[in-house]
Number of protein chains: 2
Amino acid sequence: MLLSRTRTSIVDIARAAGVSKSTVSLVLQKSPLVSEATREKVNAHIKELGYIYNRGAANLRQSKSKIVGIVVNDLTNSFFAELAVGMDMVVQSAGYVQFLAHSGESVDRQREVIASMRENGIAGLILSPARGTEASDIKALVGGDIPVVVVVRNLPGAKVSTLLSDNYAGAKAAVRHLISLGHSRVAFMGGFQDTAVFGERLRGYRDALQDAGIAAEEKYTIHSAPSRAGGVVALERLMTIPERPTAALCLNDAVAFGVCDGLRAHGLEPGKSFAIIGFDDVIEAKTAVPALTTVSVDPQGMGQRAAQLLLKQINSGQRDQEAITTSVRLVVRQSCGAPVKQLEEMA
Amino acid sequence: MLLSRTRTSIVDIARAAGVSKSTVSLVLQKSPLVSEATREKVNAHIKELGYIYNRGAANLRQSKSKIVGIVVNDLTNSFFAELAVGMDMVVQSAGYVQFLAHSGESVDRQREVIASMRENGIAGLILSPARGTEASDIKALVGGDIPVVVVVRNLPGAKVSTLLSDNYAGAKAAVRHLISLGHSRVAFMGGFQDTAVFGERLRGYRDALQDAGIAAEEKYTIHSAPSRAGGVVALERLMTIPERPTAALCLNDAVAFGVCDGLRAHGLEPGKSFAIIGFDDVIEAKTAVPALTTVSVDPQGMGQRAAQLLLKQINSGQRDQEAITTSVRLVVRQSCGAPVKQLEEMA
DNA sequence: TGACCTTTTTGGAACGTTCCAATTATATAT
DNA sequence: ATATATAATTGGAACGTTCCAAAAAGGTCA
């Protein structure tokens with residue numbers, strides 16, 4: 001708990017170098033006011049005494065900080081881990097540090113950790129909200145005092161900036177591609193219906209079918225946990241329905257992998273017996289066998305943009321909300337790939 | 001950058017409640033010295049004015065903090081992400097917050113971020129070192145001022161506490177199991193030889209062979225990046241060698257999955273045509289097809305233990321180093337599973 | 001030399017808290 | 001009522017910085 005017996009401060013250096021603490025402060029700030037000679041002398045003593053700048057004291061004096069808070073709903077999901085890494089990159093390069101915490105989809109935990117971050121003086125917050133977060137929750141936590149950027153999951157009604165991927169367009173493009181390959185019985189697999197992401201992707205899926213004059217069968221939409229295990233479960237469900245689909249758009253890549261697992265367990269070959277498209281383009285997507293056709297979201301790039309947006313707002317002091325949707329693109333690989341004739345035969 | 005026009009402080013509350021700032025401070029600390037009546041009065045004003053405790057100011061006064069630093073070499077690797085989540089859990093529950101950063105295996109970045117954390121007043125540090133980190137590096141950064149716990153990767157010579165998994169025993173058990181299934185040509189796949197983890201697991205692999213009276217063939221040790229993509233590459237290499245092995249212990253699960261991918265690309269069936277054992281037991285291991293036999297390390301539990309160890313040292317002020325190795329266990333699933341006779345035929 | 005300008009340096013107040021010693025209020029015993 | 005113990009409250013210094021106004025140190029020029 002003790003930070004040190006009492007760590008060496010600016011006045012220790014001042015005393016050692018025979019100058020005033022103000023001068024040492026100026027040296028630390030690389031002010032041009034101080035003469036070359038004293039600057040060197042002071043720097044020598046700084047090095048010698050192993051001085052460590054106390055940014056907390058400076059923050060107190062200046063009523064500002066170079067700390068941002070990042071709260072992510074699930075760090076064990078590699079999509080969000082990549083997102084966090086992207087943020088980390090730009091935050092670090094800007095000379096800031098981050099409190100980075102994992103809410104584990106718990107709004108309680110999220111509330112606590114945001115409160116704690118605020119007490120510790122963050123200058124801004126990036127939030128990938130836990131499932132079930134209300135717009136009013138964050139208003140209560142950060143009442144417009146600091147800029148907030150909400151990413152990935154929309155929080156309708158919250159007076160904050162948002163950075164979302166274009167879920168609707170991505171899903172639509174994916175399903176259009178499946179249709180162009182000749183599929184007409186296309187499922188939408190995975191996810192819980194209470195999330196905004198699910199809703200947007202489902203809408204894209206439906207509209208693509210409708211545009212092609214295909215009626216969207218209710219039974220072809222199969223809910224499950226948005227995870228690999230959930231994908232396995234969803235596939236089991238799918239196998240039981242009559243007029244079984246020949247292709248599926250999955251809520252995300254994790255579900256898609258689970259569906260692949262499930263197909264194999266049934267002796268079916270993903271990409272040959274059944275066409276699959278994922279969503280997110282996690283790193284494993286391209287090395288998996290078969291390589292996963294998916295909608296690429298570039299989570300790392302998204303994290304970078306989110307952090308840039310936040311830093312911009314911090315530095316400009318501007319608090320007006322900005323809503324950005326980042327474009328996505330369909331990456332065609334093997335999992336959707338076989339000629340459709342063959343698929344029809346096997347179904 | 002601005003934390004607020006000037007956020008409401010303890011004296012604002014004091015003024016509003018008609019008491020002294022000292023009293024407000026006592027209320028905040030839940031001191032029994034203050035009477036019930038004034039406590040309620042003060043708390044009411046705290047709520048009304050939307051007061052936010054300034055922990056930075058308190059830290060300054062007390063020369064201590066409730067912040068820990070966590071630096072992880074690669075957050076996009078789900079093993080390390082789980083590790084971080086484990087730490088997050090106990091850190092948060094203890095009322096601390098964490099600076100959590102990703103070094104991306106760069107020692108430069110690692111150095112910078114640790115320096116930055118120190119300036120921001122961390123009370124302790126947990127480090128999963130970037131590849132190539134020297135013991136002297138961390139001595140330079142934290143000269144015994146604060147407790148440090150090094151996890152996962154050993155840093156021989158560093159005067160810090162360490163928490164490592166029992167790589168040697170795990171690898172040995174895995175190979176012993178393969179031998180008991182009848183395999184005699186066993187490969188060790190993946191990883192770079194300059195890391196401590198690689199060395200320890202390799203040693204376990206060799207000793208298990210030796211104990212069984214099998215000579216360890218040099219050519220059966222195949223280096224590659226410790227990733228899924230690396231596993232694919234390693235398998236390609238393996239396919240070219242004469243007297244091809246019938247089984248392999250992989251450096252970690254990521255490599256093992258890559259090897260599975262590679263086998264499939266060659267029309268071979270992991271677990272049937274070739275036995276595979278991974279290391280780490282990441283979440284996907286049990287849902288993959290075939291389910292991966294692996295050495296379970298429980299990264300989340302390890303993260304928890306690491307955080308507990310650090311907090312203990314912070315609170316006790318003790319700085320003597322403690323070296324813990326956490327035990328591991330072999331989890332037998334399908335990927336190593338088929339009867340050996342069949343494997344021999346196919347090889 | 002003194003007057004003036006420029007370059008460097010410097011005390012001291014302030015940021016929001018804690019903590020100590022000292023003070024004031026309240027209760028209890030005589 | 002006074003004395004005394006106990007409970008509750010308080011002012012002010014301190015933590016390590018920054019920043020302002022002001023002072024000191026050098027130069028230049030008449």
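Naming: A, B, ... by sequence-line order, numbering from 1 per chain. All values reported here derive from a predicted model rather than from experimental measurement.
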Student: Side chain of T38(A) only, please: which of dT9(C), dT10(D), dT17(C) is the nearest?
Tutor: dT9(C)
Student: Could you work out which one of dG12(C), dC15(C), dT9(D) sits closest to the side chain of S22(A)?
Tutor: dG12(C)
Student: Does the distance from a Lys or Arg side-chain N to an Asp or Glu carboxylate O, for K139(B) and E134(B), drop under 4.0 Å?
Tutor: no
Student: Within the structure, does a side-chain N or O atom of S25(B) lie under 4.0 Å from either OP1 or OP2 of dC19(C)?
Tutor: no
Student: Would you say T23(A) reaches dT10(C)'s phosphate, i.e. side-chain N/O to OP1/OP2 under 4.0 Å?
Tutor: yes
Student: Got M302(A) and D298(A) here, is their nearest side-chain heavy-atom distance under 4.5 Å?
Tutor: no
Student: Under 4.0 angstrom, heavy atoms only, what part of the nucleic acid is S9(B) near: base, sugar-phosphate, or nothing?
Tutor: sugar-phosphate
Student: Could you check whether S35(B) gets within reach of a base, just the sugar-phosphate, or nothing at all, counting any heavy atom under 4.0 Å?
Tutor: sugar-phosphate
Student: Are OP1 or OP2 of dT17(C) and a side-chain N or O of Q29(B) less than 4.0 angstrom apart?
Tutor: no
Student: Tell me: CG of L26(A) to C1' of dC19(D), nearest whole Å?
Tutor: 9 Å
Student: Before accepting this row, confirm whether a basic side-chain N of the pair R109(A)/E112(A) lies closer than 4.0 Å to the acidic partner's carboxylate O.
Tutor: no
Student: Which whole-number value in Å describes the distance from K21(B) NZ to dC19(C) P?
Tutor: 13 Å
Student: With a 4.5 Å limit on heavy-atom distance, are the side chains of N73(B) and H102(B) in contact?
Tutor: no
Student: Figure out the CZ/C1' separation between R7(B) and dG16(C), and round it to whole Å.
Tutor: 9 Å
Student: To the nearest Å, how far apart are Y53(A) OH and dT17(D) P?
Tutor: 7 Å
Student: To the nearest angstrom, how far is N59(B) atom CG from dC15(C) atom P?
Tutor: 19 Å
Student: Rounded to whole Å, please give me the gap between CD in Q62(B) and C1' in dC19(C).
Tutor: 9 Å
Student: Starting at atom CG of L60(B), determine the distance to atom C1' of dC15(C), rounded to an integer number of angstrom.
Tutor: 9 Å
Student: Examine the side chains of T76(B) and D74(B) and answer whether a donor and an acceptor come within less than 3.5 Å of each other.
Tutor: yes
Student: Check the distance between dT17(D)'s C1' and I52(A)'s CD1 and give it to me in whole angstrom.
Tutor: 15 Å
